[in-house]
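Report on one structure; see the data block that follows.
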Amino acid sequence: MEPSQLPLHLLLTKKAVEEAYKGVESGDGGPFGAVVVCNDEVVVSCHNMVLKHTDPTAHAEVTAVREACKKLNRIELSDCEIYASCEPCPMCFGAIHLSRIKRLVYGAKAEAAIAIGFDDFIADALRGTGFYQKAQLEIQQADGKGALIAEQVFEKTKEKFPIY
């Protein structure tokens, strides 16, 4: 089958995978790629940039959301879709969700990445399990006045954010 005869979702998934290879070959980061599409047109095609930018948040999907927002000059991407080479981690899923992207299509399951050592991954937040979680992070809410002061920022600034 000629590439032009492939279904669009397959072409876009392949493009995300090509980005994953590109990122590894360039030394920019891990084997992850993402493509943001609007009205069947590619807005951006990105790969993992963690090593290049020395930034643990520069995953392919987060980078793609950031770049798409810049290119389209808006923070809301509800008319867009994202194609990812792999099931997104919780951070990437959060970026996708917060940008209001209407559809996520991913290729590989998280287990494929976990199997080669990407252990900071997915299962916990998206599936509600703790099997793969290795981080020993203590989480607690500030108590007393600290929590109250932090909560007040929302009440005191809500009129500035009518978009939601």
Side-chain angles (χ1 to χ4, degrees), residues 1-26 28-135 137 139 161-164:
M1 187 177 273
E2 294 290 317
S4 61
Q5 296 174 332
L6 294 174
L8 185 60
H9 74 277
L10 182 55
L11 288 171
L12 294 168
T13 301
K14 284 182 68 170
K15 187 165 186 60
V17 171
E18 289 167 6
E19 277 292 337
Y21 281 116
K22 183 178 169 184
V24 171
E25 290 165 7
S26 65
D28 290 343
F32 305 95
V35 178
V36 173
V37 178
C38 187
N39 300 320
D40 294 338
E41 295 287 327
V42 172
V43 177
V44 294
S45 182
C46 301
H47 56 264
N48 184 292
M49 302 288 275
V50 168
L51 299 176
K52 181 175 184 173
H53 295 311
T54 319
D55 177 358
T57 70
H59 290 195
E61 299 92 335
V62 171
T63 301
V65 167
R66 288 174 180 160
E67 293 300 317
C69 287
K70 284 180 195 172
K71 188 170 184 179
L72 297 173
N73 196 32
R74 54 193 165 107
I75 63 169
E76 185 265 327
L77 304 173
S78 63
D79 57 343
C80 296
E81 300 177 351
I82 190 165
Y83 291 79
S85 62
C86 186
E87 187 176 3
C89 74
M91 176 184 67
C92 293
F93 181 80
I96 292 164
H97 173 74
L98 290 172
S99 70
R100 308 293 192 252
I101 286 176
K102 68 179 178 180
R103 184 171 182 234
L104 159 66
V105 177
Y106 66 87
K109 290 191 69 76
E111 287 77 8
I114 292 165
I116 66 164
F118 288 91
D119 63 354
D120 56 89
F121 228 78
I122 290 160
D124 297 332
L126 297 184
R127 298 183 187 153
T129 65
F131 183 76
Y132 296 112
Q133 185 66 36
K134 291 186 178 179
L137 173 65
I139 302 172
F161 299 97
I163 60 173
Y164 298 112

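In this chain, residues are counted from 1 in sequence order.
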H53, NE2: over 12 other non-hydrogen atoms inside 6.0 angstrom: yes
Which atom of [X] lies closest to which atom of [Y], heavy atoms considered:
X: C86; Y: A110; answer: SG-CA, 4.3 Å
X: V62; Y: C92; answer: CG2-SG, 3.9 Å
X: S85; Y: A20; answer: OG-CB, 4.0 Å
X: H47; Y: G23; answer: CD2-CA, 3.2 Å
X: G107; Y: T13; answer: CA-CG2, 4.4 Å
X: P56; Y: M91; answer: O-CE, 3.9 Å

Expected output: side-chain N48 to main-chain V50 donor-acceptor under 3.5 Å: yes
Criterion side-chain contact (heavy atoms from CB on, under 4.5 Å) on I75 and L98, from CA distance to verdict: CA-CA 9 Å; I75 63 169; L98 290 172; over 6 Å; no
Measure the spacing between [atom1] of [X] and [atom2] of [Y] and express it to the nearest 0.5 Å.
X: L10; Y: L12; atom1: CG; atom2: CG; value: 9.0 Å
X: D40; Y: H9; atom1: CG; atom2: NE2; value: 12.5 Å
X: I96; Y: I101; atom1: CD1; atom2: CD1; value: 6.0 Å
X: E87; Y: L104; atom1: CD; atom2: CG; value: 8.5 Å
X: R103; Y: E81; atom1: CZ; atom2: CD; value: 5.0 Å
X: Y83; Y: L8; atom1: OH; atom2: CG; value: 5.5 Å

Counterpart residues, side-chain hydrogen bond (donor to acceptor under 3.5 Å, both in side chains), relative to T54 (two or more places apart): none
Under 3.5 Å, which donor-acceptor pairs link side chains of residues 63-71 to any protein atom two or more places apart or in another chain?
| residue | atom | partner | partner atom | Å |
| --- | --- | --- | --- | --- |
| T63 | OG1 | A58 | O | 3.4 |
| T63 | OG1 | H59 | O | 2.9 |
| R66 | NH2 | T57 | OG1 | 3.2 |
| K71 | NZ | V43 | O | 2.9 |

side-chain contact (heavy atoms from CB on, under 4.5 Å) between V37 and K15, intermediate numbers included: CA-CA 11 Å; V37 178; K15 187 165 186 60; over 6 Å; no
Test log, rule side-chain contact (heavy atoms from CB on, under 4.5 Å), inputs L72 and C80: CA-CA 11 Å; L72 297 173; C80 296; 4.0 Å; yes
Worked check of side-chain contact (heavy atoms from CB on, under 4.5 Å) between E18 and S45: CA-CA 10 Å; E18 289 167 6; S45 182; over 6 Å; no
